[in-house]
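None of these values were measured; they are calculated from a predicted model.
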Amino acid sequence: MKGLAIADNIVNGFFAIDIILTFFVAYQDPQTFNLVDDHKMIAWRYVKTWFVLDFVSTVPSEVVEKILPDSVQAYGLFNMLRLWRLRRVSKMFSKLEKDKNVNYFWIRCLKLVSVTLFAVHCAACFYYYIAAHYPDPKKTWIGLEMENFHNADLWLRYVTSTYWSITTLTTTGYGDLHPVNTWEMVFDIFYMLFNLGLTAYLIGNMTNLVVHGTSRTRKFRDTIQAASSFALRNRLPVRLQEQMVAHLCLKHRTDSEGLQQQEILDSLPKAIKSSISHHLFYSLLKQVYLFHGVSNDLLFQLVSEMKAEYYPPKEDVILQNEAPTDLYVLVSGAMSVGNEVLSGGVCGEIGVLCYRPQLFTVRTKRLCQLLRLNRTALLNLVQANVGDGAIIMNNLLEHLKAQEDPLMQSVLRDIENMLAHGRMDLPLSLSFAAARGDEPLLQHLLRRGSDPNEADVNGRTALHTAAANGSENCALVLLAYGADPNLKDREGNVPLWDALVGRQEALIKLLVDQGATLASGDAPQYAYYAVEQDNFELLKDVVRYGGDVTLPMSNGYTALHAAIHHGNSTMVKFLLKHGADMDRQDTEGMTPRDLANNAKNEDIKAVVCSKEESSVQSIVKGSEKEASPTYLKKINSTDLSMDVTPRTREVTWADKHPRRRVNSFQNSLFGFMSAATRVESQNDGGNYLSTPFSGSQPARVILRCPGTGDTTKLVILPETIQELLDFGIKKFGRHCTKVTTLDGAEVDEIELIRDGDQLCLICEEINMPES
């Protein structure tokens with residue numbers, strides 16, 4: 001009894017600690033479902049509910065013996081309150097069953113065994129209690145076997161009672177132990193009824209545990225049987241039958257090994273799924289040639305839209321001439337597409353991007369994991385960022401150019417032809433067309449309403465790209481549609497600077513005629529770059545085209561600082577001549593004068609000294625002039641006439657051909673819709689030139705000169721009648737004197753001519769136009 005009391009008190013101690021901790025554990029409000037962490041509310045709720053029963057069931061039996069009368073046995077009826085603790089044990093098993101770190105099968109088996117042993121123990125205790133308190137001990141189930149059993153060993157009595165209980169539970173009794181009196185018979189009746197339910201509970205749970213482990217195999221065998229029957233019924237080729245079975249076997253393998261990757265991802269919220277996909281496949285997607293250089297935002301969205309799939313060896317992923325619907329990226333394994341494709345390879349991109357039938361059959365060589373991206377999802381994502389679409393298309397074209405296969409070269413030519421005619425679903429930018437020097441594509445995009453000043457993520461426009469690449473025709477088209485030549489990118493570069501660096505003389509003249517100037521860009525940076533590159537011609541161009549070489553950069557460093565530092569006396573003399581300040585400090589307080597004094601180059605010191613001497617002489621001469629009354633008189637007379645004298649400037653090509661203004665309406669959604677309506681109406685009418693003139697496009701006329709055959713010329717309408725007559729010599733080689741309509745009416749004013757008019761240029765010897 002002493003050992004039993006010690007074990008009982010140890011268990012009581014654990015439950016007492018649990019009672020204390022319950023006063024500090026938050027609970028969930030059943031009405032609002034909010035977590036309540038107020039200690040007062042937690043304590044009050046516990047006291048009102050289960051605290052009393054928990055406390056009484058934990059009181060030691062020794063304390064009960066001192067409090068209760070002697071007639072109540074401490075280890076008798078009072079210990080029945082210990083059964084209240086089963087509520088906590090049941091909660092413990094429920095938590096263990098949900099714990100991912102514990103095997104569910106074994107914890108479930110442990111629970112079933114515990115329930116069985118507890119039922120056997122309780123039945124044995126109650127059955128012995130009935131025999132121990134019966135008036136005639138000899139007329140009891142245990143009294144028939146043991147005389148004077150009250151004095152027998154406690155362990156022997158417990159084992160005997162348990163033996164009876166378990167044989168009754170398993171329905172293998174009664175042989176040697178059986179009920180004798182009425183009380184025992186009544187208890188046996190209820191105990192065996194209870195055993196019916198307990199046995200059903202145990203058998204049902206064990207059956208579920210066993211069936212759960214074999215259900216996948218049974219389902220797999222049924223599926224294989226159904227597939228085989230289908231193949232035989234439809235007389236499918238052996239190769240197709242093998243592919244069907246291989247795919248089903250792979251699916252069973254991935255399910256049984258816990259590789260249901262896509263199923264798990266689809267069951268999660270979008271944010272978690274995107275984070276997991278980013279962790280798994282983002283680094284791989286960056287290596288795919290098709291997505292080199294695209295923005296991180298697009299890559300993150302592409303990863304979220306891709307679906308992971310497994311393919312067994314020798315299975316067709318894409319069939320030849322199949323309609324393009326999906327793009328595949330290989331994660332692991334190997335595929336054959338004419339040649340072997342390894343991890344990071346891509347297939348189906350030509351069909352998806354160019355909407356062409358698949359060129360080759362793509363087949364796996366071993367077990368492969370692929371990322372599948374739907375064509376519609378890809379185009380929807382690229383629509384939000386035209387610059388990324390241009391990068392993707394350029395990567396594809398460069399990849400095809402590197403292929404030596406004649407078929408790939410034919411595909412490349414077809415794609416370029418589709419680009420030129422605007423038959424691509426992938427959105428393209430003006431910079432893409434300008435980088436390729438594709439004037440037809442550029443005109444097509446501009447006619448569709450693209451903004452000629454649209455910039456990429458670095459702030460560079462198509463005119464920047466055309467100027468850097470020397471694409472004069474593209475630059476002419478962009479300027480005609482209103483591109484601003486003085487826009488600068490994030491680094492402060494303007495198109496004129498790109499043309500100067502590339503020594504594109506024709507583009508330099510064109511941009512300057514259109515009003516381009518380096519003053520609108522980061523001029524200090526230009527001058528500093530020219531000095532750093534030791535390019536004196538470029539430095540002179542900076543000054544020639546409006547750059548101020550006296551301005552400092554953000555760190556206070558000027559081109560003069562750099563020229564003295566590099567010991568270039570020619571540039572130093574040039575910069576001083578154009579107003580560079582010898583005493584301008586940088587952020588560290590250093591001036592060009594300080595650099596010159598510390599320089600070991602004698603030429604630099606000589607240039608600086610000569611500049612100082614000339615400055616002193618000019619100051620002395622200036623003071624003498626200021627003291628001269630004649631000089632003062634000249635200054636006063638100049639000041640008086642300065643605002644009166646009109647200023648004139650040379651008329652340039654830019655004045656005669658002003659840039660078109662950017663039509664913001666055409667770049668909007670409504671502009672696109674109205675443009676489509678105009679195209680339809682023009683196609684219905686059959687005569688494009690008969691449409692009304694839009695103020696955002698130069699007027700065009702058709703010229704005809706009688707006596708030169710049926711030759712006609714489409715020209716842009718000039719600003720004067722004389723310029724229109726000059727077209728007679730330029731276009732027809734005839735000296736013309738007047739302009740008439742087809743009906744013979746003479747035109748005297750250029751304002752009378754509208755867009756699309758057909759005119760005749762009349763020569764000296766001809767008085768009437770030909771009919």
Side-chain angles (χ1 to χ4, degrees), residues 1-102 104 106-130 132-133 158 187 190-191 194 197-198 201-202 205:
M1 296 291 291
K2 185 177 181 181
L4 184 61
I6 294 174
D8 182 60
N9 287 330
I10 291 175
V11 175
N12 289 336
F14 283 112
F15 277 94
I17 294 173
D18 184 72
I19 291 173
I20 295 172
L21 294 177
T22 305
F23 281 97
F24 301 95
V25 178
Y27 67 93
Q28 190 178 38
D29 192 323
Q31 295 181 352
T32 62
F33 296 97
N34 293 328
L35 198 64
V36 179
D37 56 358
D38 187 3
H39 294 305
K40 293 182 179 180
M41 297 182 65
I42 295 172
W44 177 241
R45 175 179 177 270
Y46 185 41
V47 169
K48 288 192 304 180
T49 53
W50 311 118
F51 171 72
V52 175
L53 291 174
D54 288 345
F55 177 76
V56 173
S57 64
T58 312
V59 176
S61 301
E62 292 78 7
V63 177
V64 176
E65 287 181 352
K66 297 179 179 179
I67 298 176
L68 297 179
D70 296 337
S71 59
V72 179
Q73 297 181 5
Y75 287 96
L77 294 175
F78 179 79
N79 277 351
M80 294 291 291
L81 293 173
R82 299 287 194 267
L83 297 177
W84 176 254
R85 299 174 178 176
L86 294 177
R87 182 176 63 91
R88 304 248 177 193
V89 177
S90 177
K91 288 184 177 181
M92 180 192 70
F93 273 107
S94 298
K95 291 182 179 179
L96 289 176
E97 288 174 352
K98 299 174 184 176
D99 192 345
K100 63 181 180 64
N101 297 318
V102 181
Y104 174 79
W106 294 114
I107 198 64
R108 191 69 180 174
C109 290
L110 178 62
K111 181 178 180 180
L112 295 176
V113 171
S114 300
V115 170
T116 304
L117 294 178
F118 178 75
V120 170
H121 170 77
C122 289
C125 292
F126 280 114
Y127 203 49
Y128 177 79
Y129 182 84
I130 293 174
H133 292 80
Y158 178 74
F187 177 78
F190 284 101
Y191 181 49
F194 169 76
L198 179 61
Y201 171 76
L202 294 175
N205 277 271

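- Applying the ring pair (Phe, Tyr, Trp, His ring centres under 6.0 Å) rule to Phe23 yields the partners Tyr46, Phe51; only residues at least two apart in sequence or on another chain are considered.
- Of the inter-residue distances, the one linking Cys125 atom SG with Ile130 atom CD1 reads 11.5 Å to the nearest 0.5 angstrom.
- For Asp18, the salt bridge (charged side-chain N to carboxylate O under 4.0 Å, His left out) partners at least two apart in sequence or on another chain are Arg88.
- Under the rule for a side-chain contact (heavy atoms from CB on, under 4.5 Å), the partners of Ala16 that lie at least two apart in sequence or sit in another chain are Thr58.
- Between the NZ atom of Lys95 and the CD1 atom of Ile107 there is a distance of 13.5 Å, given to the nearest 0.5 Å.
- Residue Phe187 is tested with Phe194, Tyr129, Tyr128, Tyr127 for a ring pair (Phe, Tyr, Trp, His ring centres under 6.0 Å); the sole match is Tyr127.
- Under the side-chain contact (heavy atoms from CB on, under 4.5 Å) criterion, Tyr27 pairs with Val36, Met41, Ile42, Arg45, not counting sequence neighbours.
- Within a 6.0 Å radius of CZ in Phe93, other residues, nucleotides and ligands contribute more than 12 heavy atoms.
- Considering every non-hydrogen atom in both Ile19 and Asp54, the closest pair reads CD1-O, 3.5 Å.
- Pairs engaging residues 106-117 under the side chain to side chain donor-acceptor pair (under 3.5 Å) rule: Glu97-Arg108, Arg108-Asn205 [sequence neighbours left out].
- By the side-chain contact (heavy atoms from CB on, under 4.5 Å) test, Ile20 is found to be paired with Phe24, residues two or more places apart in sequence or in another chain being considered.
- The side chain to side chain donor-acceptor pair (under 3.5 Å) check on His39 picks up nothing, with sequence neighbours excluded.
- Under the rule for a side-chain contact (heavy atoms from CB on, under 4.5 Å), the partners of Val11 that lie at least two apart in sequence or sit in another chain are Phe15, Arg85.
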